Amino acid sequence: MQRQPIRATIETMRQNIFHSALFLTASILAFTLASSEAMAQRNIAQQYLSFQVHEVNKIDVSAKSVRLLVDASTIDLESLPNAVNSDGKLLWTTNGADKKITVVSSRVAGRYELKITPSLADAGSEAMAKEIVFKDDQPRDLIVGLYRAAGQCSIVLSATAPVEVGEGSDLHLITYTLTGI
Amino acid sequence: MANIINIAWRAFWTSIMLWGLMSVSLAQKGTSSHTVRITVSEITNVQVVGGFVSLTVDAASAVAGQDLMTTADQTTSLAWGTNGGSKKVTAATNLAAPTYTLKLLAVNPTQGVPAPELTLTNIAGDLLLGIARSMGTCELRYTVEALASLGTGTDAHVITFTIVNQ
């Protein structure tokens, strides 16, 4: 009768040893596989990158200072005394839709008429230009129909000085704005 | 019966101890040797230092009259180590058709030679060449090129760097 508990104890010990060995073997195998996988992935690295393009409306005018001189050399008896300057260029870049360029002078009422005429050689097929005579200080549409484009145009400024007005000078600060319709 | 088992266990462990002592005494009487083989496998490791990159194209990126607007980032770097010879680092993006162009250049590498500036696509391209057995770093310069004619928008990339045989 006493042999049965001994045999049961030995059997239990045998099973425990077997299970322990099996668990140890499985652990070693799993560790080895995991290590191999980790080693294989180390030759690759990843990085997250994002960028956003905001609406951009950029405008610039060259020839920051323009002088129109009406003198004896510009007098033509068949027309009013006048002076013309085409040195300036207007440049713009917009990635927005339905944009226009307005123009305004700081001078409310000049003695001499000042006219601006854009030449749209490089403005894009959709743009339209208007000739503007500065009569007050209100902004007016100069170029319309701009859509996701970069362009440029020549600015022709012309001043007319009727003889009855006499001599003198007008100073204008001309401001160009790229804006939505 | 329990006493018999106890006696048996004591005898067993005593035998073990005596055997151990004998082994030590035997060892003191001569020398023994064995061979040890060291095996080193090829190891390569690459990681990005600096994390997430965020870029913005705005008015500061534009020049009036130009369709192309650009912005750049050089705040992150790449670090690597390899005991294999003649390696290179490649880079690719996960985006198959990004709206805007993204370029990458390895700057100031401590090892290897930078490849020409890479326009990132979903096919791996060369970033850094001629990496010998070494550990090194390089700065990562990302440049975004956005055309005004493409309008506004966002691109999100996952850039994958891989060390491979050259």
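The sequence lines fix the lettering, A, B, ..., with proteins before strands; numbering per chain opens at 1. Keep in mind the model is a prediction, meaning the values are calculated, not measured.
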[X] side chain near [Y] side chain, heavy-atom distance below 4.5 Å:
| X | Y | result |
| --- | --- | --- |
| A:Thr93 | B:Val63 | no |
| A:Asn43 | B:Thr162 | yes |
| B:Thr71 | A:Phe51 | no |

Practice prompt. Starting at CG of A:Leu49, measure out to CZ of B:Phe52 and round the result to the nearest 0.5 Å.
Written response: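 A:Leu49 CG to B:Phe52 CZ: 7.0 Å, rounded to 0.5 Å.
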dist B:Asp58:CG -> A:Glu55:CD (nearest 0.5 Å) comes out at 12.0 Å
One option among B:Asn94, B:Leu147, B:Val158, B:Asp67 has the most heavy-atom pairs under 4.5 Å with chain A, and it is B:Val158
Next item on the list: Output the option from B:Ala156, B:Gly153, B:Gly50, B:Ala60 having the highest count of non-hydrogen pairs under 4.5 Å with chain A.
Entry: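 Most pairs with chain A among the choices: B:Gly153.
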Please flag which part of [X] lies under 4.5 Å from any non-hydrogen atom of chain A: side chain, backbone, both or neither.
| X | answer |
| --- | --- |
| B:Ala146 | side chain |
| B:Val164 | neither |
| B:Leu140 | side chain |
| B:Val144 | side chain |

Do you know the tightest heavy-atom contact between [X] and [Y]?
| X | Y | answer |
| --- | --- | --- |
| B:Gln66 | A:Ala150 | C-CB, 3.3 Å |
| A:His54 | B:Thr56 | CE1-CG2, 3.5 Å |
| A:Ala45 | B:Gln47 | CB-CA, 3.7 Å |
| A:Thr94 | B:Ala148 | O-CB, 3.5 Å |
| A:Asn95 | B:Met69 | ND2-CE, 3.8 Å |

Greater than 12 external heavy atoms within 6.0 Å of [X]'s [atom1]:
| X | atom1 | answer |
| --- | --- | --- |
| A:Glu167 | CD | no |
| A:Tyr48 | OH | no |
| A:Arg111 | CZ | yes |

Note to self: Quick one: does any side-chain atom of B:Ser149 pair with a main-chain N or O of A:Ala149 as donor and acceptor, under 3.5 Å?
What the structure shows: no
Any chance the side chains of A:Gln46 and B:Thr160 put a donor and an acceptor closer than 3.5 Å?
->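 Yes, a side-chain donor-acceptor pair sits under 3.5 Å.
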**Item:** ILVMFWY cluster, A:Tyr112 and A:Ile132 together (side-chain gap under 4.5 Å)
**Value:**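 Shared cluster, no.
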